[in-house]
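Computation of the quantities below employed the complete heavy-atom set of this structure, encompassing side-chain atoms and omitting hydrogens, waters and symmetry-equivalent molecules. All values reported here derive from a predicted model rather than from experimental measurement.
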Amino acid sequence: MVGPVVLGALVNACLFGGFVVQTYIYYANFPNDHRVMKFTVAVIFASQIAHLICVSATLWKAAVSGYGNPLTLLIFPQGADAAILFTAITGALVESSFVFRLWKLSKALTLPLISLVLCLLAQSIALVMTVKAFAMTNLVIFEIDENRLITLSLTSRLVCELTLTLSMVWYLRKQRSSTFLRTTTIIDRLVLWTLETGLITSLVVAFIMGFFLAMKQNYIWVSIYANLATVNANSLLASLNGRLILRSVPNASLNMNTLSSSSGGRSRKTQSVVINVTQTVGSTPGVLKYDEGEV
């Protein structure tokens with residue numbers, strides 16, 4: 001178990017470094033994003049710091065303080081138990097953001113609601129697993145007793161990720177067929193970066209489930225699971241920062257609208273969560289509306 005823990009912790013530290021850079025890029029380039037999205041990113045950042053501390057504590061327990069004592073590996077260190085909680089928190093925030101993005105893009109409720117239910121199911125099971133992990137007395141028995149629960153959590157999360165990714169790609173491709181020729185460049189880029197950010201997380205969950213079902217005893221699944229939260233967080237920030245790519249699209253203008261919101265009886269304007277990407281061909285404009293705060 002020591003090897004997978006060490007490898008997972010090292011990869012997680014590298015991914016966290018990338019996440020810090022992406023967070024800086026986000027706040028530096030999108031100061032006018034909706035406050036809800038900026039707050040969500042801040043909470044995810046705090047959760048990732050806590051997650052990194054938990055993973056590092058697990059590494060210390062397995063490779064340093066518990067070195068040479070096999071009995072310390074009979075149960076998860078408390079740091080690993082807490083890491084399950086922060087993985088669930090990060091997953092809930094990231095997937096909820098993508099669910100809202102899908103709803104704004106599709107203007108329908110069916111697929112977003114299905115994705116939200118799967119998201120809540122996966123994270124709720126993860127919370128239950130956190131409580132049971134703290135009460136664990138033997139890791140091997142825990143894996144056997146909770147096999148179905150862990151599998152259900154991973155399956156629902158995988159289906160949720162795939163549903164979100166493929167649904168957004170489908171709706172983007174649908175809009176592509178109704179736009180002007182040069183505007184399709186923007187749509188193609190949106191489709192590509194949606195696939196890139198969505199399928200990576202789906203693959204990570206698929207690998208965790210595959211190794212858990214096929215090779216529980218070597219704990220490779222633990223190594224990959226240690227990085228799930230950080231991969232999730234990076235996927236959201238990559239999606240948000242990917243809007244910088246749109247600025248490089250020639251002959252396209254990104255116009256920010258404003259939404260009126262009321263607070264304390266007074267109305268004031270905040271930055272809209274909608275990007276209008278306008279491409280003019282001849283005298284007929286083609287307009288693609290997309291969420292700034294949730295893309």
Side-chain angles (χ1 to χ4, degrees), residues 11-53 55 86-105 115 119 123 161 164-165 168-169 172 186-202 204 227-249 252-259 261 269-277 288-295:
V11 173
N12 181 72
C14 294
L15 290 173
F16 179 78
F19 175 71
V20 171
V21 173
Q22 289 210 78
T23 303
Y24 172 79
I25 293 173
Y26 171 72
Y27 282 111
N29 289 277
F30 303 102
N32 296 320
D33 266 11
H34 196 280
R35 65 181 65 181
V36 173
M37 179 51 64
K38 291 194 289 186
F39 179 74
T40 300
V41 173
V43 174
I44 292 174
F45 187 81
S47 177
Q48 282 302 290
I49 293 176
H51 180 268
L52 178 67
I53 293 173
V55 173
F86 293 111
T87 300
I89 293 173
T90 301
L93 291 172
V94 171
E95 290 172 1
S96 297
S97 298
F98 283 130
V99 167
F100 183 71
R101 171 187 173 187
L102 175 60
W103 173 67
K104 294 293 287 185
L105 179 63
S115 300
C119 168
Q123 311 317 328
E161 296 283 357
L164 288 171
T165 302
M168 284 189 285
V169 169
L172 285 170
I186 298 171
I187 304 292
D188 290 340
R189 293 195 180 193
L190 291 172
V191 169
L192 181 59
W193 113 53
T194 299
L195 284 171
E196 289 174 345
T197 56
L199 290 183
I200 289 176
T201 307
S202 301
V204 171
N227 296 283
L228 177 58
T230 318
V231 170
N232 238 341
N234 272 288
S235 70
L236 177 62
L237 266 295
S239 181
L240 290 169
N241 293 333
R243 289 172 293 170
L244 292 171
I245 299 175
L246 296 180
R247 295 178 179 176
S248 65
V249 177
S253 61
L254 276 65
N255 304 314
M256 307 298 182
N257 290 336
T258 56
L259 292 176
S261 61
K269 290 186 176 182
T270 59
Q271 191 68 35
S272 171
V273 295
V274 178
I275 288 182
N276 288 339
V277 181
L288 169 64
K289 294 183 178 180
Y290 216 71
D291 297 340
E292 181 193 6
E294 285 69 40
V295 173

So how far is it from [X] [atom1] to [Y] [atom2], rounded to the nearest 0.5 Å?
X	Y	atom1	atom2	result
T40	H34	OG1	NE2	10.0 Å
F16	T23	CZ	OG1	8.0 Å
F19	L52	CZ	CG	11.0 Å
N232	E161	CG	CD	5.5 Å
F98	R101	CZ	CZ	5.5 Å
T90	F45	OG1	CZ	12.0 Å

Closest non-hydrogen atom pair, [X] against [Y]:
X	Y	value
S115	V99	CB-CG2, 3.8 Å
M37	S97	CE-OG, 4.2 Å
G91	C119	O-SG, 4.4 Å

Has [X] got a side-chain atom pairing as donor or acceptor with [Y]'s backbone, closer than 3.5 angstrom?
X	Y	value
N234	L15	yes
N241	Q22	yes
S239	S235	no
S47	V43	no
N12	N227	no

**OP:** Please name all residues satisfying side-chain contact (heavy atoms from CB on, under 4.5 Å) with I200, sequence neighbours left out, ordered by chain then number.
**Re:**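 Applying side-chain contact (heavy atoms from CB on, under 4.5 Å) to I200 gives V231.
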**OP:** Report the C-alpha separation of F30 and I25 in whole Å, then their side-chain angles, then the decisive distance to 0.1 Å, and conclude whether the side chain to side chain contact (heavy atoms under 4.5 Å, CB included) test is met.
**Re:** CA-CA 8 Å; F30 303 102; I25 293 173; 5.7 Å; no
Original post:
Which pairs with one or both residues in residues 88-98 pass salt bridge (Lys or Arg N to Asp or Glu O under 4.0 Å), sequence neighbours excluded?
Top reply: E95-R157
Original post:
Does atom OH of Y27 have more than 12 heavy-atom neighbours from other groups under 6.0 Å away?
Top reply: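 Above 12, so yes.
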